[in-house]
*Asks:* 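First, the structure itself, so that you have it in front of you.
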Amino acid sequence: MVGIVLVSHSKMMAEGAKEIITQMIGDKVKIEAAAGTSDNRLGTDAFLIEQKVLEVFDGDGVLIIPDLGSAVMSAEMAIENLEEPARSKTYLVDSPFFEGAIAAAMEASFGKSLEEVKKAAENTRGMNKIA
Amino acid sequence: MAVNSAKLIEIINLIADDINANKEFLTELDSAIGDADHGINMSKGFKAVTEKISAMADKDCGSILKTTGMTLVSTVGGASGPLYGTAFMRAGQVVGNKTELNYDDLLVILEAALAGIKMRGKAEKGEKTIVDALEPAVEVLRSSSSVDAKLFEKAVEAAKDGVEYTKGIIAKKGRASYLGERSIGHQDPGATSTYIILAAIHKALNEKSS
């Protein structure tokens with residue numbers, strides 16, 4: 001199953017997103033938060049992201065969903081630090097943080113491929129919240 | 001100049017001191033155009049570095065620089081973590097297992113740091129970033145066939161001019177880029193911390209004439 005790593009400056013934000021997603025989809029989805037610094041400040045940590053990717057990686061690939069700014073930079077650095085086979089199967093996705101995470105988690109839980117999960121997250125970019 | 005591992009640790013400690021002394025200034029600059037955390041982030045990061053490298057005097061210079069970079073990556077928090085982290089890690093790579101460094105090594109180190117920062121931040125000169133201070137300094141060092149204390153002094157001056165130059169340009173990277181033209185008039189915190197680091201190195205190298 002495709003794994004998902006939520007990268008945010010805020011631990012509360014990433015854990016909160018994970019909490020809602022797990023409530024909706026159940027704990028069968030492999031989703032981890034890599035957020036905040038080791039001394040509980042706001043920030044991102046490339047090595048923590050790398051570690052979380054390896055925790056959710058089972059061969060099918062991992063999608064990293066960043067909030068903004070240095071989350072993107074830290075995630076890029078984490079991917080470069082990974083070794084194969086995880087490295088070429090870990091993608092950074094450009095999507096809204098929460099909507100992208102839910103869509104990705106949903107598709108992943110259906111056993112979809114890495115490309116399909118990534119596409120689902122990206123497709124939330126223009127999504128309407130109000131009908 | 002001959003910088004052995006013990007002296008290298010001393011230089012990095014001095015960088016940490018100067019970053020800490022300028023913590024509020026850097027945060028003030030960052031609160032104008034960023035997210036007001038550059039000073040505290042850098043200070044926390046370099047404090048962690050000084051603890052990590054304090055017992056490394058028997059290790060080679062490459063390992064000390066690499067440990068510095070890795071510690072910054074995991075403790076800084078903001079974009080300066082991966083940026084300065086990459087800079088020091090790249091510097092560690094080019095220095096390798098050397099146990100003594102000279103002024104020519106300094107050029108190689110700063111060239112590697114600059115290349116690392118440009119790669120990681122996808123930044124070029126003129127975008128109101130670290131590059132605007134670091135690249136002019138590297139250009140000065142490259143302008144002569146060999147590097148000495150005098151040339152390095154000029155390089156540090158060029159970095160200072162680079163910081164001044166960031167006041168007049170629009171931010172293209174990071175949180176400041178959301179401000180567009182409103183970022184004009186403010187000096188870049190990243191360029192400023194780069195100048196502080198280079199000035200600290202210069203100060204450390206001239207403390208003892210070895």
*Asks:* Should we count NZ of B:Lys125 as having more than 12 external heavy atoms under 6.0 Å?
*Replies:*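 Atom NZ in B:Lys125 is packed in, count exceeds 12.
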
*Asks:* Identify which part of B:Arg120 has an atom lying under 4.5 Å from any heavy atom of chain A, answering side chain, backbone, both or neither.
*Replies:*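 Interface part for B:Arg120: both.
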
*Asks:* Do you know which of B:Ala79, B:Gly85, B:Ser80 has the most heavy-atom pairs with chain A at a distance under 4.5 angstrom?
*Replies:*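 So the answer, after comparing B:Ala79, B:Gly85, B:Ser80, is B:Ala79.
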
*Asks:* Looking at chain A, which one of B:Lys122, B:Lys173, B:Lys44 has the largest number of heavy-atom pairs inside 4.5 Å, strictly under?
*Replies:*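 The option with the most such pairs is B:Lys44.
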
*Asks:* Please report the interatomic distance OG(B:Ser74) to CD1(A:Ile49), rounded to the nearest 0.5 Å.
*Replies:*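 If I round to the nearest 0.5 Å, the distance is 11.5 Å.
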
*Asks:* Would you mind checking which part of B:Asn41 comes under 4.5 Å of any heavy atom in chain A, side chain (CB onward), backbone (N, CA, C, O), both or neither?
*Replies:*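 The answer is both parts of B:Asn41.
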
*Asks:* About how many Å separate CE of B:Met119 and CD of A:Glu76, when rounded to the nearest 0.5 Å?
*Replies:*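 Rounded to the nearest 0.5 Å, the CD-CE separation comes to 9.5 Å.
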
*Asks:* Heavy-atom count around A:Asp27 CG within 6.0 Å, excluding the residue itself: above 12?
*Replies:*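 Result for CG/A:Asp27: open.
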
*Asks:* In Å and rounded to the nearest 0.5 Å, what is the CD to OG1 distance from A:Glu80 to B:Thr86?
*Replies:*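 Rounded to the nearest 0.5 Å, the CD-OG1 separation comes out at 7.5 Å.
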
*Asks:* Would you say that more than 12 heavy atoms from the other residues, nucleotides or ligands in this model lie under 6.0 Å from the CE of A:Met127, or not?
*Replies:*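 More than 12 within 6.0 Å, yes.
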
*Asks:* What closest approach, in Å, do B:Pro82 and A:Met73 show between heavy atoms, and which atom pair accounts for it?
*Replies:*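 In terms of heavy atoms, the two residues are closest at CG-SD, 4.0 Å.
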
*Asks:* Heavy-atom count check: over 12 atoms from other residues, nucleotides or ligands less than 6.0 Å from A:Lys112 NZ?
*Replies:*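 Atom NZ in A:Lys112 is crowded, with more than 12 foreign heavy atoms closer than 6.0 Å.
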
*Asks:* For the CG atom of A:Asn81 and the CE atom of B:Met89, what is their distance to the nearest 0.5 Å?
*Replies:*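 Output value for this atom pair is 5.5 Å.
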
*Asks:* Could you have a look at B:Ile40, B:Leu83, B:Asp37 and say which one has the most heavy-atom pairs with chain A under 4.5 angstrom?
*Replies:*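 Result: the option with the highest number of such pairs is B:Leu83.
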
*Asks:* Got more than 12 heavy atoms from elsewhere within 6.0 Å of CD, B:Glu139?
*Replies:*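 Result for CD/B:Glu139: enclosed.
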
*Asks:* Check this for me: A:Glu84, atom CD, are more than 12 non-hydrogen atoms of other residues, nucleotides or ligands nearer than 6.0 Å?
*Replies:*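 Counting neighbours around CD of A:Glu84, more than 12 heavy atoms of other residues, nucleotides or ligands fall under 6.0 Å, so yes.
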
*Asks:* State, yes or no, whether a side-chain contact exists between B:Thr75 and A:Phe47 at a heavy-atom distance under 4.5 Å.
*Replies:*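 Counting from C-beta outward, B:Thr75 and A:Phe47 never come under 4.5 Å.
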
*Asks:* If you look at every heavy atom in A:Met77 and B:Val73, which pair is closest and at what distance?
*Replies:*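 Smallest heavy-atom distance, with atoms named: CE-CG2, 3.5 Å.
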
*Asks:* Count the heavy atoms of every other residue, nucleotide or ligand shown that sit under 6.0 Å from CD of A:Glu15, and state whether that count exceeds 12.
*Replies:*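 Result for CD/A:Glu15: enclosed.
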
